[in-house]
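Here's the structure we're looking at; comments come further down.
As the structure is a computational prediction, the values presented were derived from the model and not from experiment.
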Amino acid sequence: MAKLGWSDLSPLGQAGIITQGFGAVSGAVGSFYAASAEKYKTKSLALSLQHKKDMALFNMRQKESQAQHINRAYNKRFQIMSLKQGAAKSKNIVSIASRGGVRGVGSNLNAMVSNDILAEIDKLTMNSNKVRAVQNKRLEGVGLGIQGDMYGMSASNMFATASSISPFMNMSSSLLTGAGNVLSSLPEGMLRA
């Protein structure tokens, strides 16, 4: 004769089904908390990436500020150098005149032209160095901007992933699986009307 009901089960069988029921509930609760922990871990990672993005963008703005400071510093040095070159040129003119020489003739002309060419080379070199230094700082800023955008995209992806994790759905799925196992363990007669 087939077992028809709960009372037909041995005490060990009844205890096994009760244990399965508690196991299913425990598994569901565990799934809920595991999903919750994963959700918070993913949100934490997203917040960390968002912070890295903010810092990269802050540093990018700092690089632009540094580029502007370098530009101002070179402009000041350029002004000082131009003033010194003008003073040296005036001193040479006075020196030539004090010796009775004529400024635009012969070796005096050659010396003046040479000094003017060297002064111009110095100015062009300084300007080239300024442009290079400013552009290098700005390129560092561009790199940080790209890095910030990449961090931002990763943070957005992590926030989207975190919002898709549902502890309740995870718990429900685990509970349904456990309940199915418990039901399949019940005597056949308990499932019939």
Heavy-atom side-chain proximity of R77 to M126 below 4.5 angstrom: yes
CD/Q66 to CG/N59 distance, rounded to the nearest 0.5 angstrom? 9.0 Å
Apart from Y40 itself, residues in the same hydrophobic cluster as defined by side-chain heavy atoms under 4.5 Å: none
Cluster question for you: counting only ILVMFWY and a side-chain heavy-atom cut-off of under 4.5 Å, with indirect links fine, are M158 and Y151 together? yes
Minimal non-hydrogen separation, V134 against A67, with atom names: CG2-O, 3.6 Å
Residue set satisfying side chain to side chain contact (heavy atoms under 4.5 Å, CB included) with N92, at least two apart, ordered chain then number -> M112, N115
Flag the pair K63 / V142 as yes when at least one side-chain heavy-atom distance between them is below 4.5 Å, and no otherwise. no
Output a table of donor-acceptor pairs, distance under 3.5 Å, between side-chain atoms of residues 19-27 and any protein atom two or more places apart or on a different chain; print 'none' if there are none.
| residue | atom | partner | partner atom | Å |
| --- | --- | --- | --- | --- |
| T19 | OG1 | A15 | O | 2.7 |
| Q20 | OE1 | S185 | OG | 2.7 |
| Q20 | NE2 | S185 | OG | 3.2 |

Gap between atom CD1 of I93 and atom CG of N108 - 0.5 Å precision: 11.0 Å
Residues F78, K130; criterion side-chain contact (heavy atoms from CB on, under 4.5 Å); working and verdict: CA-CA 10 Å; F78 190 85; K130 174 184 91 167; over 6 Å; no
Matching residue for Q135 among K137, R132, R138 - test: side-chain contact (heavy atoms from CB on, under 4.5 Å): R138
Hydrophobic cluster identity match, F168 and V29, side-chain contacts under 4.5 Å: yes
When every non-hydrogen atom of M171 is compared with those of A28, the smallest separation belongs to CG-O, 3.2 Å
Any side-chain heavy-atom pair from F58 and L144 closer than 4.5 angstrom? no
More than 12 foreign heavy atoms under 6.0 Å from CG of L124: is that the case here? yes
Can a side-chain donor-acceptor contact be found between N75 and R72 if the only test is distance below 3.5 angstrom? no
Give a yes or no on whether a salt bridge exists between E64 and R61, defined as a side-chain N under 4.0 angstrom from a carboxylate O. no
Starting at OG1 of T125, measure out to CE of M81 and round the result to the nearest 0.5 Å. 8.0 Å
Which atom of S163 lies closest to which atom of A160, heavy atoms considered: OG-O, 2.9 Å
Count the heavy atoms belonging to other residues, nucleotides or ligands that lie under 6.0 Å from NZ of K43, then report whether that count exceeds 12. no
Around atom NZ of K84, are there more than 12 heavy atoms of other residues, nucleotides or ligands at under 6.0 Å? no
Heavy atoms of other groups near M150 CE, more than 12 under 6.0 Å: no
CD1 of I165 to NZ of K41: how many Å apart, nearest 0.5 Å? 9.5 Å
Whether S114 side chain and A111 backbone form a donor-acceptor pair below 3.5 Å: no
Heavy-atom pair with the smallest gap, counting every atom of S82 and K123: OG-CE, 3.6 Å
Salt bridge present between K53 and D149 (N-O < 4.0 angstrom): no
Residues, nucleotides or ligands: over 12 heavy atoms within 6.0 Å of K39 NZ: yes
How far apart are the C-alpha atoms of V131 and Y74, what are their side-chain angles, what is the distance that settles it, and do they pass the side-chain contact (heavy atoms from CB on, under 4.5 Å) test? CA-CA 9 Å; V131 169; Y74 267 100; over 6 Å; no
